[in-house]
> 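The structure that follows is given in the form of structure tokens.
Residue numbers begin at 1 in each chain, while the letters A, B, ... track the order of the sequences. Heavy-atom basis, side chains included; hydrogens, waters and symmetry copies ignored.
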Protein chains: 2
Amino acid sequence: MSKQAAPLTVIDLNADAPCCPPLAQRRVPAETAAVLAPAFKALGDPVRLQLMSMIASAEGGEACVCDLTPAFDLTGPTISHHLKALREADLVDAERRGTWVYYRARPGILRQLAALLTVEPVES
Amino acid sequence: MSKQAAPLTVIDLNADAPCCPPLAQRRVPAETAAVLAPAFKALGDPVRLQLMSMIASAEGGEACVCDLTPAFDLTGPTISHHLKALREADLVDAERRGTWVYYRARPGILRQLAALLTVEPVES
DNA sequence: TGCCTGTCTTGACGTCTGTCTAAGCAGAGA
DNA sequence: TCTCTGCTTAGACAGACGTCAAGACAGGCA
């Protein structure tokens, strides 16, 4: 994976308002695709999708790694690796408080992705 | 993988109504994650994200491979490979009419994915 | 301070992915 | 029937990914 961080910051993934029109309305430009595809890719693993959901739906808006790990038949390092992938895709934030590390979802980018996938309701 | 794909058809990817509550509302079960993650994975490549958008936003609701291929600096077989990935993720349908092959988006699964990512609007 | 607990990082290994070239298949037209 | 065009499949290769074991690091507690 080559670098792609320089001029692509045009798209603010943390904004609350959708950055882009729905995918089905107008063709997604290459720059937008390059920025958003990694987020979809991060969600493209069943373990990470569940992790994302556990974090986003946790009470208080945050989840402790100590609660996430036992939910899977995977070793700690593997969960840590998946969490890192979610972090690098800007889907979650991590914060260490004492012994434990807490993860918190970033709703902004989730909104971007949801907006991109929006389709008009069925006409019948 | 020792699963036999039998009971996973509980989730109808082509239904128009969302199959599942938003990811941030309730924890996504493993079965649901296993079904939906491949769709996110398919969208997790910039080329496929653009292809998906070109197909979904095409007039008439369908796009010819002959129009898709020249839009990228990639060979025909590579585009064909990506289209196959979208097909296998149930994101698009293909139909041959005479010399050309036309691709059409399946809005149902896009709605499922969008619904899963839905987050409550910002409270301010 | 020293030990214990909990998490992250590193390195390794096998598998999967993205891309290409070459070959195969399906229709259309002469 | 032959040939041309358009798309897909097959095979190969480099690089990325998912997983684990082992070691490193950070904070709490006696």
> Roughly, in whole Å, what's the span from CG in A:D67 to C1' in C:dT7?
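Computing the A:D67:CG to C:dT7:C1' distance gives 14 Å.
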> Does a side-chain heavy-atom distance below 4.5 Å link B:L68 with B:L83?
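Counting from C-beta outward, B:L68 and B:L83 do come under 4.5 Å.
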> Within the 4.0 Å heavy-atom criterion, would you say A:Y103 contacts the bases, only the backbone, or no part of the nucleic acid?
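Sugar-phosphate only.
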> Using whole Å, what does the distance between atom C1' of nucleotide D:dT8 and atom CD1 of B:I79 come to?
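In whole Å, D:dT8 C1' and B:I79 CD1 are 13 Å from each other.
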> Measure from CG on A:L49 to C1' on D:dG18 and round the result to the nearest Å.
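It works out to 16 Å between those atoms.
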> Specify the separation, in whole Å, of atom CG of A:L86 and atom C1' of C:dC8.
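Going from CG in A:L86 over to C1' in C:dC8 covers 16 Å.
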> Grab the CZ-P distance between A:R97 and D:dG28 for me, whole Å please.
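The answer, rounded to whole Å, is 12 Å.
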> Mind calculating the distance between CG (A:L83) and P (C:dG6) to the nearest angstrom?
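It works out to 17 Å between those atoms.
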> Measuring to OP1 and OP2 of D:dG27, would you say a side-chain N or O of A:W100 lies under 4.0 angstrom away?
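Checking D:dG27 against A:W100, no side-chain N or O comes under 4.0 Å of OP1 or OP2.
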> With a 3.5 Å cut-off and no angle check, do the side chains of A:R96 and A:Y102 form a donor-acceptor pair?
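Their side chains do not contain a donor-acceptor pair, so the 3.5 Å distance test is not met.
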> Keeping to residues at least two apart or across chains, list the side-chain hydrogen bond (donor to acceptor under 3.5 Å, both in side chains) pairs with something in residues 58-71 of chain A.
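Qualifying pairs: A:E62-A:R97, A:E62-A:R104.
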> Roughly how many Å is it from CD in B:E95 to P in D:dC7, rounded to a whole number?
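Distance check: B:E95 CD to D:dC7 P gives 14 Å.
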> Under 4.0 Å between a side-chain N/O of A:Y102 and OP1 or OP2 of C:dT7, yes or no?
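Negative; the distance criterion is not met.
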> Would you mind building the protein contact string for nucleotides 15-25 of chain C? One character per nucleotide, 5' to 3', B for base within reach (heavy atoms under 4.0 Å), S for sugar-phosphate only, - for untouched.
--SBBBBB---
> With a cut-off of less than 4.0 Å, is there a side-chain N or O of B:T99 near OP1 or OP2 of C:dG27?
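The answer is no; no side-chain N or O of B:T99 sits under 4.0 Å from OP1 or OP2.
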> Strictly by side-chain hydrogen bond (donor to acceptor under 3.5 Å, both in side chains), give each pair with a member in residues 46-57 of chain A just once, sequence neighbours left out.
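Every side-chain hydrogen bond (donor to acceptor under 3.5 Å, both in side chains) pair that includes a residue of residues 46-57 of chain A, provided the two are not neighbours, is A:R48-A:H82.
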> Report yes if some heavy atom in the side chain of A:L91 is under 4.5 Å from a heavy atom in the side chain of A:I55; otherwise report no.
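A:L91 does not reach A:I55 side chain to side chain.
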> Evaluate the side-chain proximity of B:E95 to B:V101: yes if any heavy-atom separation is below 4.5 Å, no if none is.
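They are not in contact (no side-chain heavy atoms under 4.5 Å apart), so the answer is no.
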> Specify the separation, in whole Å, of atom NZ of B:K84 and atom C1' of D:dT9.
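Taking NZ of B:K84 and C1' of D:dT9, I get 7 Å after rounding.
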> With a 4.5 Å cut-off on side-chain heavy atoms, are B:F72 and B:T78 touching?
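In short, these two side chains do not touch, never coming nearer than 4.5 Å.
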